[in-house]
Amino acid sequence: MTIYNSKNITESFAAVKWSDGKLILLDQRKLPRDSIYLEYDSASDVADAIKEMIVRGAPAIGVAAAYAVVLAARAAYKASVDNWQTAINAELEILSASRPTAVNLNWAIAEMRKSFDSIEGDPETALLEVATRIHDGDIAANHEMGRLGAELISPDSQIVTHCNAGALATGGYGTALGVIRTAHRNGLVKKVYSSETRPWMQGARLTSWELQQDNIPVNLVIDSAVSSLMRAGDIDWLIVGSDRIAANGDVANKVGTYSHAVSAKYHGVKVMVVAPFSTVDMQIQSGEDIPIEYRSAEEITDFNGVRVAPKGMEAINPAFDITPANLVDVIVTEKGIVQDPDAEKMLAIFGKI
Ligand code: MRU
């Protein structure tokens with residue numbers, strides 16, 4: 001894998017790696033206290049790991065899924081040498097259904113499938129090459145987005161980010177955090193605010209940890225403090241990643257992004273969405289058609305395994321929300337940037353799929 005900057009913490013850990021014929025995932029539920037790597041040799045176990053948030057973040061889920069296809073192909077070839085392309089389908093369906101919102105999951109499976117017909121004999125080596133290319137491509141895309149996004153940032157900028165769109169959420173380096181890393185390296189960042197991101201606390205546990213490791217000045221704030229910070233004039237940019245971007249520029253991202261974006265608009269704070277092309281879904285016309293994952297009620301009725309809500313209380317737990325394109329100032333991808341996104345500008349950059 002390409003190493004970009006050995007001084008950077010993002011090379012000292014990896015959310016997803018392949019080693020000795022196995023997929024290795026950093027258990028993100030345990031961070032930052034413990035860095036525990038888990039080994040996988042079956043695609044359906046990887047599907048469980050995606051569901052259970054061991055690996056999370058749209059591009060990281062895509063990279064993990066690509067390697068999971070290699071594992072599925074190994075099992076299918078063992079079961080049926082002549083017909084592995086069909087024997088693999090059941091496992092790939094399980095994988096594909098593991099989480100609904102991040103399109104990178106099914107994008108990666110589709111990319112892997114493209115080479116199935118041309119493979120003769122044991123598919124493992126050929127598929128591993130494709131998966132490695134997807135992984136390396138994601139890291140390279142993040143560096144390019146970092147460069148493009150940082151060009152939009154003025155000196156002394158104060159930035160708020162939500163959830164974790166960093167090295168942990170991607171093949172490496174990060175999308176939103178890739179821009180922040182590059183901008184910081186270019187001397188443009190005064191301070192970053194990381195909103196905690198209820199209920200999984202990706203901002204508190206992951207983003208603040210990643211930025212702290214890189215010596216980027218960061219303060220943790222609760223999600224509902226962000227509007228007041230904006231009102232006080234303490235924020236210049238809201239910079240976030242995305243799980244899926246529709247053809248009209250509507251953006252799905254971690255729940256809470258929409259309210260941050262509404263506040264940003266009200267207070268004149270600029271909004272940047274940073275995501276690779278694999279997150280753009282030109283088949284979906286608008287955010288209304290993006291499937292939103294609803295997770296279990298216990299994630300919000302309980303705290304640290306202890307029930308805090310009254311007995312019998314029902315809870316609604318959407319994991320993502322939609323930020324309409326008119327609240328977004330710029331979408332940054334490795335293929336270029338879209339200012340004030342709309343369907344026409346999106347089509348001009350990404351074309352029809
Ligand atoms: O539920 P998660 O942790 O998978 O949600 C992750 C996010 O919403 C990220 O902001 C998004 O995937 C972009 S990651 C580069």
Side-chain angles (χ1 to χ4, degrees), residues 10 15-16 25-31 47 49-65 98-108 135 138-139 141-146 149 160-181 194-207 209-210 223 238-245 251-261 271-281 287 290-296 299-300 317-323 328 331-334:
T10 54
V16 183
L25 299 176
L26 175 58
D27 187 347
Q28 298 196 32
R29 302 166 309 177
K30 303 280 193 313
L31 290 170
I50 293 171
K51 252 189 230 155
E52 289 163 15
M53 309 279 284
I54 288 166
V55 60
R56 35 67 48 200
I61 290 170
V63 172
S98 53
R99 284 190 85 188
T101 304
V103 70
N104 311 61
L105 169 66
N106 282 305
W107 172 87
H135 192 171
D138 186 62
I139 299 170
N142 289 336
H143 282 266
E144 179 60 4
M145 291 186 283
V160 65
T161 186
H162 187 57
C163 195
N164 172 264
L168 291 164
T170 61
Y173 199 65
T175 56
L177 293 198
V179 169
I180 290 171
R181 285 193 159 99
S194 169
S195 49
E196 61 177 356
T197 320
R198 286 275 296 142
W200 274 84
M201 312 301 263
Q202 291 93 331
R205 294 187 301 104
L206 309 178
T207 295
W209 180 68
E210 276 198 36
D223 297 336
L238 166 65
I239 304 184
V240 292
S242 173
D243 291 82
R244 195 184 298 230
I245 302 175
V251 169
N253 194 46
K254 177 55 55 193
V255 66
T257 301
Y258 173 51
S259 52
H260 283 7
V271 177
M272 185 190 297
V273 175
V274 190
F277 178 58
S278 55
T279 300
V280 176
D281 188 347
I290 296 178
I292 297 293
E293 175 184 13
Y294 282 75
R295 296 187 62 89
S296 79
E299 288 183 357
I300 51 177
N317 183 17
F320 299 96
D321 62 24
I322 303 296
T323 298
V328 176
I331 294 174
V332 176
T333 75
E334 75 277 25

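Remember, it's 1-based here, ligands and their atoms both numbered in the order they're listed.
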(request) Identify which of Ser242, Gly57, Gly171 has a heavy atom lying nearest to atom 13 (C) of ligand 1. (result) Ser242

(message) What I want to know is whether Ala58 and ligand 1 share at least one N or O pair that is separated by under 3.5 angstrom.
(response) yes

(message) So, regarding Arg99 and ligand 1 (criterion: nitrogen or oxygen to nitrogen or oxygen, under 3.5 Å), is there a contact or not?
(response) yes

(request) Could you point out which residue of Thr333, Val332, Val328 forms a side-chain contact (heavy atoms from CB on, under 4.5 Å) with Val273? (result) Val328

(request) For ligand 1, note which part of Ala165 has a heavy atom under 4.0 Å away: side chain, backbone, both or neither. (result) both

(message) When you compare the side chains of Ser242 and Asn253, does any donor N or O come within less than 3.5 Å of an acceptor on the partner?
(response) no

(message) Can you check which of Ala169, Gly178, Ala176 brings a heavy atom nearest to atom 14 (S) of ligand 1?
(response) Ala169

(request) Please say whether Thr175 places an N or O atom under 3.5 Å from an N or O atom belonging to ligand 1. (result) no

(request) Give, for atom CG of Leu206 and atom OG of Ser194, the distance between the pair rounded to the nearest 0.5 Å. (result) 9.0 Å

(message) Could you tell me, atom by atom, which parts of ligand 1 come under 4.0 Å of a heavy atom of Asp243?
(response) 7 (C), 8 (O), 9 (C), 11 (C), 12 (O)

(request) Provide the number and element of each atom of ligand 1 under 4.0 Å from a heavy atom of Thr170. (result) 15 (C)

(request) Could you tell me whether Lys254 approaches ligand 1 through its side chain, its backbone, both or neither, with non-hydrogen atoms closer than 4.0 Å? (result) both

(request) Under 4.0 Å from a heavy atom of Phe320: give me the atoms of ligand 1 that qualify, with their elements. (result) 1 (O), 5 (O), 8 (O)

(message) Show me which atoms of ligand 1 lie under 4.0 Å from any heavy atom of Gln202.
(response) 1 (O), 2 (P), 3 (O)

(message) Within the structure, is a non-hydrogen atom of Ala319 found at a distance of less than 4.0 Å from ligand 1?
(response) no

(request) Could you tell me whether the side chains of Arg56 and Asn164 share a donor-acceptor contact shorter than 3.5 Å? (result) yes

(request) Enter the distance from Arg244:CZ to Ile322:CD1 here, rounded to the nearest 0.5 Å. (result) 9.0 Å

(request) Among Asn142, Ile180, Thr175, find the residue that satisfies the side-chain contact (heavy atoms from CB on, under 4.5 Å) test when tested with Val274. (result) Thr175

(message) I'd like the name of whichever of Asn253, Val251, Thr257 reaches closest to atom 10 (O) of ligand 1 through any heavy atom.
(response) Asn253

(message) Whether the side chain of Ser195 engages the backbone of Thr161 through a donor-acceptor N/O pair (distance < 3.5 Å, no angle test) should be reported.
(response) yes

(request) For ligand 1, indicate whether the residue Trp200 contacts it via side chain, backbone, both or neither (heavy-atom separation under 4.0 Å). (result) neither

(message) As an exercise, state the distance from CG of Asp281 to CG of Asp243, rounded to the nearest 0.5 Å.
(response) 12.0 Å

(message) Tell me whether Arg198 is salt-bridged to Asp223, with the criterion being a basic N under 4.0 Å from an acidic carboxylate O.
(response) no

(request) Return a yes/no value for His162: is any of its N or O atoms, backbone included, closer than 3.5 angstrom to an N or O of ligand 1? (result) no

(request) Measure from the side-chain N and O atoms of Gln28 to the backbone N and O of Leu168, and report whether any donor-acceptor pair falls under 3.5 Å. (result) yes

(message) Under 4.0 Å from a heavy atom of Asn164: which atoms of ligand 1 are those, numbered in the order shown and with their elements?
(response) 9 (C), 14 (S)

(request) Could you tell me whether Met53 and ligand 1 have an N or O pair separated by under 3.5 Å? (result) no

(message) Taking 4.0 angstrom as the limit and counting only heavy atoms of Pro59, give me the atoms of ligand 1 inside it, by number and element.
(response) 14 (S), 15 (C)

(message) Measuring from atom CD of Glu196 to atom NE2 of His162, what distance do you get when rounded to the nearest 0.5 angstrom?
(response) 9.5 Å

